[in-house]
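Scroll down for the structure; my scribbles are underneath it.
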2 protein chains.
Amino acid sequence: MLKLRYKIWLENSGKAFGEGPCDMLKRIDRLGSLNKAAGELKMSYSKAWKLMNTLEKRLGFKLLKRDVGGDSGGGSYLTEEARVMIHKYTMFVQESDKALNKLFKHYFEE
Amino acid sequence: MLKLRYKIWLENSGKAFGEGPCDMLKRIDRLGSLNKAAGELKMSYSKAWKLMNTLEKRLGFKLLKRDVGGDSGGGSYLTEEARVMIHKYTMFVQESDKALNKLFKHYFEE
DNA sequence: TTGCGTTATACTGGTAATAGAATAACGAGG
DNA sequence: CCTCGTTATTCTATTACCAGTATAACGCAA
């Protein structure tokens with residue numbers, strides 16, 4: 001059977017935010033570490049690091065507060081702007097999903 | 001400034017229909033030739049041919065009526081089902097675009 | 001029977017994305 | 001001053017995808 005598929009993301013000179021980054025940020029928030037978040041997703045640290053850098057550059061603001069060295073080695077934590085972004089994006093995608101599925105049903109399943 | 005981007009397509013064991021194929025079909029209809037349509041898009045004939053084959057397999061019905069050989073060499077023409085598909089998809093995407101942009105505006109531009 | 005423009009199909013080479021390896025730097029604490 | 005776990009950064013290999021090339025088949029018309 002034919003299924004609806006879609007991807008929604010935000011751009012500014014390239015991909016600036018989407019589903020994947022959103023998930024990654026939530027994990028960083030929970031674990032307090034970019035390295036550990038990458039591990040959970042079986043993604044290499046360098047890839048995750050590059051991703052975060054690119055997003056911050058494109059969004060124009062910092063997503064992470066990063067601590068290098070120290071007691072625990074360091075860690076990464078969400079900025080307030082990151083939290084706002086996650087919230088907005090989540091709501092937006094949730095409602096978009098509803099709208100698209102309704103339209104899909106109308107055009108292809110009736 | 002942050003922009004909304006999205007892709008919408010239909011799947012059945014892989015991509016079955018989307019923006020690109022829809023455009024390709026319209027060109028075939030106008031030109032009466034898969035070869036010429038590929039040429040317009042600067043796409044190799046073999047790529048276009050493979051694309052059409054894959055789509056037909058995944059959709060479960062024929063998009064093209066193909067004539068090999070003969071006076072003009074042959075040609076490709078849309079099936080009735082292809083026309084219906086183009087119409088449905090076009091309407092669907094048009095309305096989806098409206099819905100998504102409205103939501104985007106609400107969440108990111110107000 | 002030859003020529004032409006199309007569809008049909010296999011094969012091969014290039015390349016762009018990306019994944020990971022390797023290494024440096026950092027800073028608190030023992 | 002040494003350790004430890006993190007962030008920071010570069011570099012290379014690979015590999016999956018894709019794109020074109022080449023070739024065959026076809027059928028009408030001259």
Side-chain angles (χ1 to χ4, degrees), chain A residues 5 7 9 11 13-21 23-59 61-79 82, chain B residues 5 7 9 11 13-21 23-59 61-79 82:
Chain A
R5 283 292 136 85
K7 273 182 183 291
W9 70 96
E11 262 198 33
S13 320
K15 291 196 181 183
F17 206 81
E19 206 63 53
D23 178 47
M24 172 70 75
L25 285 177
K26 286 174 187 164
R27 286 168 198 270
I28 294 171
D29 190 34
R30 176 161 46 81
L31 299 166
S33 158
L34 175 54
N35 189 33
K36 289 209 183 77
E40 273 198 355
L41 292 169
K42 279 158 190 159
M43 177 187 294
S44 73
Y45 167 75
S46 73
K47 183 184 175 185
W49 179 83
K50 274 181 280 191
L51 175 65
M52 287 300 127
N53 277 30
T54 303
L55 296 184
E56 289 180 336
K57 196 169 297 172
R58 290 181 180 164
L59 287 172
F61 57 83
K62 293 293 177 193
L63 290 167
L64 302 178
K65 162 76 174 58
R66 287 129 134 144
D67 289 348
V68 180
D71 184 4
S72 62
S76 291
Y77 315 93
L78 301 194
T79 61
Chain B
R5 284 291 136 86
K7 272 181 184 290
W9 69 97
E11 262 198 32
S13 320
K15 290 196 182 183
F17 206 81
E19 206 63 54
D23 177 45
M24 172 70 72
L25 286 177
K26 286 175 188 165
R27 287 168 196 271
I28 294 171
D29 191 34
R30 174 160 48 80
L31 299 166
S33 157
L34 175 53
N35 191 34
K36 289 209 184 75
E40 274 198 354
L41 292 168
K42 278 156 189 162
M43 178 187 294
S44 72
Y45 167 75
S46 74
K47 183 184 175 184
W49 178 82
K50 275 182 278 191
L51 174 65
M52 287 298 128
N53 277 31
T54 303
L55 296 184
E56 289 180 336
K57 196 170 296 172
R58 289 180 181 164
L59 287 172
F61 58 83
K62 294 293 177 193
L63 290 167
L64 301 179
K65 163 76 174 55
R66 287 131 134 144
D67 290 346
V68 179
D71 184 6
S72 62
S76 291
Y77 316 93
L78 301 193
T79 62

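Chain identifiers are assigned alphabetically (A, B, ...) following the order of the sequence lines, protein sequences preceding nucleic acid strands; residue numbering begins at 1 within each chain. Predicted, not measured: the structure shown is a model, and the values here were computed from it.
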| query | Do any of residues 28-37 of chain A sit with a heavy atom less than 4.0 Å from DNA chain D, and if so which? | reply | Ser33(A), Leu34(A), Asn35(A), Lys36(A)
| remark: Output for pair (Tyr77(A) OH, Leu34(A) CG), nearest 0.5 Å, gives 11.5 Å
| Quick one: side-chain hydrogen bond (donor to acceptor under 3.5 Å, both in side chains) partners of Trp49(B), sequence neighbours excluded? | none
| message | Can you give me the first and the last nucleotide of DNA chain D (5' to 3') that has an atom within less than 4.0 angstrom of a non-hydrogen atom in chain B? | response | dA19(D) to dA29(D)
| message | Under 4.0 Å, heavy atom to any atom of DNA chain D: which of residues 45-53 of chain B qualify? | response | Ser46(B), Lys47(B), Lys50(B)
| said: What residues from residues 70-79 of chain B pass a heavy-atom cutoff of under 4.0 Å to DNA chain C? | reply: Ser72(B), Gly73(B), Gly74(B), Gly75(B), Ser76(B)
| message | Rounding to an integer number of Å, can you tell me how far Lys57(B) NZ sits from dA8(C) C1'? | response | 13 Å
| note | Residue set satisfying side-chain contact (heavy atoms from CB on, under 4.5 Å) with Thr54(B), at least two apart, ordered chain then number -> Arg58(B)
| Side chain to side chain, Ile28(B) and Leu63(B), heavy atoms closer than 4.5 Å | no
| task | Just jot down the salt bridge (Lys or Arg N to Asp or Glu O under 4.0 Å) partners of Lys65(A), sequence neighbours excluded, or say none. | result | Asp67(A)
| Is any side-chain heavy atom of Arg5(B) less than 4.5 Å from a side-chain heavy atom of Lys15(A)? | no
| message | Applying side-chain contact (heavy atoms from CB on, under 4.5 Å) to Leu41(B) and Asp23(B), what does each step give before you reach the verdict? | response | CA-CA 10 Å; Leu41(B) 292 168; Asp23(B) 177 45; 3.6 Å; yes
| task | Please report, rounded to the nearest Å, how far the P atom of dG20(C) is from the CE atom of Met43(A). | result | 9 Å
| request: Check side-chain contact (heavy atoms from CB on, under 4.5 Å) between Asp71(B) and all other residues, then give those that pass, not counting sequence neighbours. | output: none
| query | How would you list, by chain and number, every residue that makes a side-chain contact (heavy atoms from CB on, under 4.5 Å) with Lys47(B), sequence neighbours excluded? | reply | Met43(B), Ser44(B)
| query | With Glu40(B), which residues qualify under salt bridge (Lys or Arg N to Asp or Glu O under 4.0 Å), at least two apart? | reply | Arg27(B), Arg30(B)
| said: For a 4.5 angstrom cut-off between non-hydrogen side-chain atoms, does Thr79(B) reach Leu64(B)? | reply: no
| query | Quick one: salt bridge (Lys or Arg N to Asp or Glu O under 4.0 Å) partners of Lys62(B), sequence neighbours excluded? | reply | Glu56(B)
| Contacts of Ser33(B) that satisfy side-chain contact (heavy atoms from CB on, under 4.5 Å) - sequence neighbours left out | Asn35(B), Lys36(B)
